[in-house]
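Note: hydrogens, waters and symmetry copies are ignored here, and every other heavy atom, side chains too, is used. Letters A, B, ... mirror the listed sequences (proteins, then strands); counts begin at 1. Computed from a predicted model, the values in this text were never measured in an experiment.
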2 protein chains.
Amino acid sequence: MLRLSTKGQYGVRAMYEIARGYPDEPVTIRSISEKQDVSIPYLEQILNKLRHAGLIRSIKGPGGGYVLQRAPEEITIADILFELEGPVAITSCLDPSEGCIRVERCVTHLLWKSLGKQIEDFLNTITLKDLLSGKSYKDFANIINKKKRMAGV
Amino acid sequence: MLRLSTKGQYGVRAMYEIARGYPDEPVTIRSISEKQDVSIPYLEQILNKLRHAGLIRSIKGPGGGYVLQRAPEEITIADILFELEGPVAITSCLDPSEGCIRVERCVTHLLWKSLGKQIEDFLNTITLKDLLSGKSYKDFANIINKKKRMAGV
DNA sequence: AAATACCTTACTAATTTTGTCAAGTATTTT
DNA sequence: AAAATACTTGACAAAATTAGTAAGGTATTT
């Protein structure tokens, strides 16, 4: 349950490759394709969205490729996934573009909203830099929990 | 992104109705259908799974219906969703039934695993009793954060 | 025996996902 | 100027999943 589509997954992996070239080495689509085992046409579709969102820009011609528009520590996983898959919406009625017609009597509305918030907090906290620095499983949990403690939750 | 299927959503809402009758009032499928706006055949499919999982049992004949097998505080949202939608698996390679062929070189593996763990912790913490007692949005967040603090995370 | 209520399997329409394909446009190097 | 490299766009379609419906049972109580 709660699976992420391949677009989101590949998008994050593509951004990881582009981040590795930051700040001065443009990364070609071919090189991303080879390193991450994703077809070039599919990557084009994905990178196109990320470019329109202002997360990356492209440099044409020989020697060109993609580069980050912001530093790796300034780009979160949420930034990437949001562009490729839209907002976290555990249920359709929690999608801002749809809306709920039975909020009042829906006993689970707040439950899903709260779960969505937990997920968003996590995704907003982890950045490309965390990915680059090879964080461990425990590290990721600590990053988010530490942040919450500091926020006084 | 990360949407729950209707089976999972309806399943939780159905369990909520059955929990309202706990411990001595069997809840008919018809009554669940009317209160939660879900068709009877679809509910049968859902309740069948929950029954096989031992979360509920059915009483046949007039005056019959469904009743919880355990107290509301002993049944978590994770118990319900796991039966209806399988384990939390952000990516297919994190699904226990599939497995990952590139764990070593996958830079996002631990990220998704960690996110999955956050979600599971949340779902394992909230029970039917929390739903019955009409918890607020903030309440849900507090339940899980308090638990984590106590665990010394 | 009649009414109530659950039980099971099969099927299918709709939607979403996961890509491919074809035909471009833009830039740099030689 | 030409060639090579690289990105850009929109349309299309197979495959998988979701979200149910339909039909024909079986079991229990009154």
Side-chain angles (χ1 to χ4, degrees), chain A residues 1-11 13-14 17-18 21 25-34 36-53 55-67 69 81 84-86 89-93 95 97-98, chain B residues 1-11 13-14 17-18 21 25-34 36-53 55-67 69 81 84-86 89-93 95 97-98:
Chain A
M1 69 170 122
L2 294 174
R3 190 159 298 185
L4 212 56
S5 81
T6 56
K7 263 198 179 116
Q9 298 176 41
Y10 296 167
R13 277 155 58 187
E17 291 297 336
I18 297 170
E25 188 89 350
V27 179
T28 68
I29 227 173
R30 171 184 299 252
S31 126
I32 299 173
S33 168
E34 285 166 359
Q36 295 294 335
D37 298 322
V38 180
S39 79
I40 288 178
Y42 202 26
L43 273 176
E44 284 174 340
Q45 212 177 112
I46 292 167
L47 295 181
N48 212 350
K49 284 192 178 189
L50 298 176
R51 188 173 53 80
H52 276 120
L55 296 180
I56 54 178
R57 71 189 170 85
S58 64
I59 298 171
K60 296 189 173 182
Y66 289 92
V67 293
Q69 283 274 52
L81 294 184
L84 297 172
E85 307 209 15
I90 306 298
T91 62
S92 64
C93 76
D95 190 321
S97 69
E98 304 198 24
Chain B
M1 69 169 121
L2 295 174
R3 191 159 296 185
L4 213 56
S5 81
T6 56
K7 263 199 178 113
Q9 296 175 43
Y10 296 166
R13 277 156 58 188
E17 291 297 337
I18 298 170
E25 188 89 352
V27 179
T28 68
I29 227 175
R30 171 183 300 253
S31 125
I32 299 173
S33 169
E34 284 166 359
Q36 295 295 335
D37 298 321
V38 179
S39 79
I40 288 178
Y42 202 25
L43 273 176
E44 283 176 340
Q45 214 177 112
I46 292 167
L47 295 181
N48 213 348
K49 285 193 177 191
L50 297 175
R51 188 173 53 81
H52 275 120
L55 296 179
I56 53 179
R57 72 188 170 86
S58 64
I59 298 170
K60 297 189 173 181
Y66 289 92
V67 293
Q69 283 276 52
L81 294 183
L84 297 172
E85 307 209 15
I90 306 298
T91 62
S92 64
C93 77
D95 190 322
S97 68
E98 304 199 24

Under 3.5 Å, which protein N or O atoms sit close to an N or O of nucleotides 3-7 of chain C? Give each pair with its distance.
{"residue": "dC6(C)", "atom": "OP1", "partner": "Ile29(B)", "partner atom": "N", "Å": "3.3"}
{"residue": "dC6(C)", "atom": "O3'", "partner": "Ser58(B)", "partner atom": "OG", "Å": "3.1"}
{"residue": "dC7(C)", "atom": "OP1", "partner": "Arg51(B)", "partner atom": "NE", "Å": "3.4"}
{"residue": "dC7(C)", "atom": "OP1", "partner": "Ser58(B)", "partner atom": "OG", "Å": "2.7"}
{"residue": "dC7(C)", "atom": "OP2", "partner": "Arg51(B)", "partner atom": "NE", "Å": "2.9"}
{"residue": "dC7(C)", "atom": "OP2", "partner": "Ser58(B)", "partner atom": "OG", "Å": "3.4"}
{"residue": "dC7(C)", "atom": "OP2", "partner": "Tyr66(B)", "partner atom": "OH", "Å": "3.2"}
{"residue": "dC7(C)", "atom": "N4", "partner": "Glu44(B)", "partner atom": "OE1", "Å": "3.4"}
{"residue": "dC7(C)", "atom": "N4", "partner": "Glu44(B)", "partner atom": "OE2", "Å": "3.2"}

Using a cut-off of less than 4.0 Å, is there contact between a side-chain N or O of Ser39(B) and OP1 or OP2 of dT21(D)? yes
Starting at CG of Leu4(B) and ending at P of dT16(C), how long is that distance when rounded to a whole Å? 16 Å
Spell out, as yes or no, whether a donor-acceptor pair under 3.5 Å connects the side chain of Arg57(B) to the backbone of Gln69(B). no
First of Gln45(A) and Arg3(A) reached from the 5' end of DNA chain D, by closest nucleotide: Gln45(A)
Looking at five pairs on each end of the helix from dA1(C)-dT30(D) to dT30(C)-dA1(D), what is the angle between the two axes, given to 10 degrees? 10°
side-chain contact (heavy atoms from CB on, under 4.5 Å) involving Thr91(B) - partner list, sequence neighbours excluded: Gln9(A), Cys93(B), Leu94(B), Trp112(B)
Roughly, in whole Å, what's the span from CG in Leu84(A) to C1' in dT18(C)? 14 Å
Would you say the side-chain atoms of Ser5(A) and Glu85(A) include a donor-acceptor pair closer than 3.5 Å? yes
Could you state the interatomic distance from CD1 (Ile56(B)) to CG (Leu47(B)), rounded to the nearest 0.5 Å? 4.5 Å
Quick one: CG on Asn48(A) to CG on Leu43(A), what's the gap to the nearest 0.5 Å? 11.5 Å
Salt bridge (Lys or Arg N to Asp or Glu O under 4.0 Å) pairs, two or more places apart, involving residues 1-10 of chain A: Arg3(A)-Asp95(B), Arg3(A)-Glu98(B)
Using a cut-off of less than 4.0 Å, is there contact between a side-chain N or O of Thr6(B) and OP1 or OP2 of dA19(D)? yes
Rounded to the nearest Å, what distance is computed from the CE atom of residue Met1(B) to the P atom of nucleotide dT16(C)? 17 Å
Residues which pass side-chain hydrogen bond (donor to acceptor under 3.5 Å, both in side chains) with Thr6(B), listed by chain and number, not counting sequence neighbours: Tyr42(B)
Using atom CD1 of Ile40(B) as one end and atom C1' of dA22(D) as the other, report the distance to the nearest whole Å. 14 Å
Could you state the CD-C1' distance from Gln9(A) to dT18(C), rounded to the nearest angstrom? 12 Å
Nucleotide dT9(C), atom C1' - distance to NZ of Lys49(B) in whole Å: 14 Å
Asp37(B) atom CG is separated from dA19(D) atom P, nearest whole Å, by 16 Å
Report the distance from atom CD1 of Ile32(A) to atom P of dA6(D), rounded to the nearest whole Å. 12 Å
When rounded to the nearest 0.5 Å, the distance separating CD1 of Ile29(A) from CD1 of Ile46(A) is 9.5 Å
Taking side-chain hydrogen bond (donor to acceptor under 3.5 Å, both in side chains) as the definition, give me every residue that meets it alongside Ser58(A), ordered by chain and number, with sequence neighbours left out. none
Any Tyr42(A) side-chain N or O less than 4.0 Å from OP1/OP2 of dC21(C): no
